[in-house]
Amino acid sequence: MNYLKKFFAVSMASSMILSLAACGGSDGKNNAPDVKEENASVEETSVYRQLYSMEATSLNYLTAYSLTDYSIGANVVDCLVEYDQYGNVIPSLAERWEHNDDMTQWTFHIRKGVKWVDKNGKEIADVTAADWVTAARYVNDAHNASDVQYMYNTGAIVHNAQKYYDYTAYLLTLETLGLKEGEEAVDEEGNIIEPVDPVSEDDIGVSATDDYTLVYTLDQPCPFFLSILSYTSYMPVYEPFLQEQGSGFGLDNDSLLYNGAYILTDFEPQYQHILKKNPSYWDKDNVYIDEIHQIYNAEERNVAVSMYQNKEVDFAVVPSDLLDSMMKDEKTKDMIHCSRPNNSFSYFFCFNFDPQFDTEYEPDNWKIAVNNENFRKSIMAGLDRMKALTVSNPYHPEILLNNTITPSDFAVGAGKDYTQYESLAPYTGGDSFDADQALKYRDTAREELSSEGVTFPIKVLMPYNPSYAEWGKECQVIEQQLEGLLGDDYIDIIIEAGPETGFLSSVRRSGKYALMKCNWGADYADPQTWTEPFGESNSYCFWEKSEDEDTATLYQNYTSQVALASSIYKDEEERYSAFAEAEAMLIEHAIAIPYSIHQDSAYEMSNLNPFEGEYALYGVVRERFKYKKLYDTSMSMEEYEAASEKWKEEKK
């Protein structure tokens, strides 16, 4: 990458003119060093421009779940902690913190002098510990319908938060029915709605002992509590302003207050968002991009590449149908690099032990087959994952390959990557694809299953969501490759497009598949988060419902090991070792087949360095522009790979 990109503006008005002109074809840049020397009144302003095609439904960060809704909040409101570029937790609005011996009480000392400001930068109030108490009460009140309330009851169990939510949800039900507390209520089916014991907002385990001391009280030890604090539900809010706005809080930029790196000065839905550096920001020396211009274009996917080449925007995803030609074109190939892999998501193939699909796909036959370990292993060893991954990343599929459920580089315990712990290390450094071994498993499984009355070929229903074009192509590659290796007289993979909307509820959660690619996103920085898809009442593989004795025993052994690991909180190495043993059970017995990590877009052109800025695999951190710098060109593939290796070495 070359020198930092600078925009020069005589005034805020002329800066606005430049940004609008850029949309019409001007590059808006002037890198001549003598411009500033000739006019002392000229100010340097770095402006990052990007397109967006989906409008935020709300700016209320306390309720926001989707990236579209929380990406603005991530930049205009700070959290208690933030991260450096290597993923280390560093102070933000909390200057320091400590916890008690069993990690059930966490005390944060709030930074003094931080201001709430309005969209014009006018200072409104000081940020104090009470702002987090207000947020906790708001989020856990069912009347406010927060989609991120679950973070008070996932991993970290904040005292009485869920009980308060359940009580307010009960009150909301009564209000909807026009009833008062104490009156008998029934649902639409005539079932009595059981009363819920009253819980006061004062009972929630979030308190301010003084203006700058904040205390969270938890119901169980939580060694990873800091990693939960970067979710929107743990962001502060100024109570007098919140009450003044009422249900209008977060409807636009006038109904928000700001204490973060940026202020949303302009919010014109389906036209533009403009974020400008907060002049009152407590850490403004670490904010290098002065303005962020988000420009609406419903055809973003189709026009971003040409607009980037015309220097009208600073970022563009390269669509797969353009990739080959652009990589071969001397004018464009050095503008393109991989997007940074996202280790917060893991993809794995699940076997369904409780099939609920139609009889034409022979669910009873499948139920016997799936409980046979050699059958599962024949598919696991027979799946050439690299070949399948070339569909989404034709040039570098290896960067997506994941050999464990928990991605590598996700968690480090006692100075060692979690996937390198003894139980997982053999899988981390290997490859589950082994054609010869797959055939041996196949032959053994065929013999065992034939004696149980299974008919061949075994029908394997493999649905996909047609909203994702590459998923369907990937299924076709897998069908051809697996049937080609194992034989279409052994398995008959049936690819079926599910509905574009409601896919999860109608397919995966309903058990209407035999084998399917599933995913899970981390909620916090601990291996425990990756156990949730396989625990009790999961809606993934449903192995807890299996009536097979071996499968039932394996499930009990797994859940017992997870419970043991979860109970260990003082010795990180012991905790991680215990979780690694549990995860190894899933892989060793082919309950799930590890597949890949996530990539937001396979290839992109961007004037940002993807290895600058904050780094964390949970919360809103990935959307923040703080610490990032703007450059005049995009990295080439070679520059990206060099920067990636440099980052990995520095991270060590």
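What you see is a predicted model; the values in this text were computed from it and never measured. All residue numbers refer to positions in the sequence shown, counting from 1.
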**Parallel, tilted or perpendicular: ring planes of F225 versus Y234, cut at 30 and 60 degrees** = perpendicular
**Message:** Check this for me, if you would: do R624 and E614 make a salt bridge, where the nitrogen-to-carboxylate-oxygen distance has to be below 4.0 angstrom?
**Reply:** yes
**Message:** Regarding Q85 and E650, do their side chains bring together a donor and an acceptor under 3.5 Å, going by distance alone?
**Reply:** no
**Minimum heavy-atom distance between T232 and L62, given as atom pair plus value** = O-CD2, 3.7 Å
**Asked** With distance as the sole criterion, is a donor-acceptor pair present between the side chains of E641 and H396 under 3.5 Å?
**Response** yes
**Message:** Checking the side chain of Y52 only, and the main-chain atoms of T68 only, is there a donor and an acceptor separated by less than 3.5 Å?
**Reply:** no
**Item:** Ring-face cation contact, Y281 with K284, 6.0 Å cut, 45° max
**Value:** no
**Message:** Would you say that S596 contacts R385 through its side chain, given a criterion of any heavy-atom pair below 4.5 Å between the two side chains?
**Reply:** no
**Short N-O contact, K626 and E82, less than 4.0 angstrom** = yes
**Prompt:** Distance only, no hydrogens: is a donor on one side chain within 3.5 Å (strictly under) of an acceptor on the other, for D126 and T128?
**Reply:** no
**D147: partners by side chain to side chain contact (heavy atoms under 4.5 Å, CB included), with sequence neighbours left out** = Y65
**Asked** Between the side chains of Y595 and E474, is a donor N or O closer than 3.5 angstrom to an acceptor N or O?
**Response** yes
**Message:** Using a 3.5 Å distance criterion without hydrogens, assess whether the side chain of N153 forms a donor-acceptor pair with backbone atoms of I157.
**Reply:** no
**Prompt:** Under the 6.0 Å and 45° cation-pi test, does K629 pair with Y288?
**Reply:** yes
**Message:** Under 6.0 Å from the ring centre and within 45 degrees of the ring axis: does the NZ or CZ of K277 meet both conditions for the six-membered ring of Y262?
**Reply:** no
**CG-CZ distance between D78 and R111, expressed to the nearest 0.5 angstrom** = 9.0 Å
**Prompt:** Which of parallel (below 30°), tilted (30 to 60°) and perpendicular (above 60°) describes Y540 and F348?
**Reply:** tilted
**Message:** So, taking the atom named CZ in F579 and the one named CD in E583, what distance separates them when rounded to the nearest 0.5 Å?
**Reply:** 10.5 Å
**Prompt:** Could you state the interatomic distance from CD1 (I274) to CD (Q294), rounded to the nearest 0.5 Å?
**Reply:** 10.0 Å
**Request:** Starting from the C-alpha separation in whole Å, work towards a yes-or-no answer on ring pair (Phe, Tyr, Trp, His ring centres under 6.0 Å) for Y524 and Y618.
**Result:** CA-CA 6 Å; Y524 44 86; Y618 25 78; 8.4 Å; no
**Prompt:** If you measure only the distance, is there a donor-acceptor pair under 3.5 Å linking the side chains of H159 and Q105?
**Reply:** no
**Asked** Looking just at side-chain N and O atoms, do E623 and S71 make a donor-acceptor pair shorter than 3.5 Å?
**Response** no
**Asked** Taking side chain as C-beta onward, heavy atoms only, is M335 less than 4.5 Å from T633?
**Response** no
**Asked** Are a donor atom and an acceptor atom from the side chains of R301 and S53 found within less than 3.5 Å of each other?
**Response** no
**Message:** Strictly distance-based, threshold 3.5 Å: is any side-chain N or O of D431 a donor or acceptor partner for the main-chain N or O of F433?
**Reply:** yes
**Prompt:** Are F410 and W530 an aromatic pair by the rule of ring centers under 6.0 Å?
**Reply:** yes
**Message:** With a 4.0 Å cut-off on N to O distance, would you call K652 and E649 a salt bridge?
**Reply:** yes
**Request:** Give a yes or no on whether a salt bridge exists between D526 and R575, defined as a side-chain N under 4.0 angstrom from a carboxylate O.
**Result:** yes
**Asked** Between the side chains of T134 and D131, is a donor N or O closer than 3.5 angstrom to an acceptor N or O?
**Response** no
**Asked** Is there a donor-acceptor pair under 3.5 Å between the side chain of Y231 and the backbone N or O of D523?
**Response** yes
**Message:** Side chains of Y569 and E572 only: does a donor on one sit below 3.5 Å from an acceptor on the other?
**Reply:** no
**Request:** May I ask you to decide if P594's main-chain N or O and Y427's side chain share a donor-acceptor pair within less than 3.5 Å?
**Result:** no
**Message:** Nearest 0.5 Å, please: how far is CD1 in I289 from CG in N75?
**Reply:** 9.5 Å
**Message:** Checking S467 against N465: is there a side-chain donor and acceptor pair closer than 3.5 Å?
**Reply:** yes
**Item:** Side-chain H-bond candidate by donor/acceptor type, N607 with Y308, under 3.5 Å
**Value:** yes
**Request:** Using the six-membered ring wherever Trp is involved, compare the ring planes of F611 and Y640 and label them parallel, tilted or perpendicular (cut-offs 30° and 60°).
**Result:** tilted
**Asked** When you look at Y603 and N393, which way does the side-chain hydrogen bond (donor to acceptor under 3.5 Å, both in side chains) test go after all the steps?
**Response** CA-CA 8 Å; Y603 293 90; N393 194 326; 2.5 Å; yes
**Message:** Treating R622 as the side-chain partner and Y615 as the backbone partner, does any N or O pair qualify as donor plus acceptor under 3.5 Å?
**Reply:** no
**Message:** Would the distance check show the side chain of N160 and the main-chain N or O of I204 forming a donor-acceptor pair, the cut-off being under 3.5 Å?
**Reply:** no
**Message:** Determine whether a donor-acceptor pair (N or O, by modelled atom type, separation under 3.5 Å) exists between the side chain of N140 and the backbone of A136.
**Reply:** yes
**Asked** Can you tell me how far the CD1 atom of I292 sits from the NZ atom of K628, to the nearest 0.5 Å?
**Response** 9.0 Å
**Prompt:** For I263 and V117, which heavy atoms make the closest approach, and how far apart are they?
**Reply:** CD1-CG2, 3.7 Å
**Asked** Are any non-hydrogen side-chain atoms of T107 and H99 less than 4.5 angstrom apart?
**Response** no
**Complete:** All heavy atoms of D290 vs all of T45, minimum pair found to be OD2-CA, 3.3 Å
**Request:** Would you confirm whether the ring centroid of W106 sits within less than 6.0 angstrom of the ring centroid of Y216?
**Result:** no
**Message:** Ignoring hydrogens, what is the shortest heavy-atom contact between E612 and Y631? Give both atom names and the distance.
**Reply:** OE2-OH, 2.7 Å
**Message:** Using side-chain contact (heavy atoms from CB on, under 4.5 Å), reason through K517 and W471 one step at a time and then give a plain yes or no.
**Reply:** CA-CA 9 Å; K517 185 175 74 172; W471 192 350; 3.9 Å; yes
**Prompt:** Regarding E98 and H109, is there a side-chain donor-to-acceptor distance under 3.5 Å anywhere?
**Reply:** yes
**Heavy-atom closest contact (T406 atom, T419 atom, distance)** = O-CG2, 3.4 Å
**Message:** Looking at W132, I'd like to know if the NZ or CZ of R137 sits under 6.0 Å from its six-membered ring centre while staying within 45 degrees of the ring's axis.
**Reply:** no
**Prompt:** Taking S606 for the side chain and L608 for the main chain, is one N or O donor matched with an acceptor at less than 3.5 Å?
**Reply:** yes
**Prompt:** Does T390 reach the main-chain N or O of K387 with its side chain, forming a donor-acceptor pair under 3.5 Å?
**Reply:** yes
**Request:** Establish, from distance only, whether the side-chain atoms of H293 and Y48 form a donor-acceptor pair under 3.5 Å.
**Result:** no
**Request:** Go through the steps for N60 and S58 under the test side-chain hydrogen bond (donor to acceptor under 3.5 Å, both in side chains), then give the verdict.
**Result:** CA-CA 5 Å; N60 184 347; S58 171; 5.1 Å; no
**Request:** Could you tell me whether the side chains of W282 and N259 share a donor-acceptor contact shorter than 3.5 Å?
**Result:** no
**Asked** In Å and rounded to the nearest 0.5 Å, what is the OG to CG distance from S227 to L617?
**Response** 10.5 Å
**Request:** Hey, can you tell me if Y558 and F534 have their rings parallel, tilted or perpendicular (30° and 60° cut-offs)?
**Result:** perpendicular
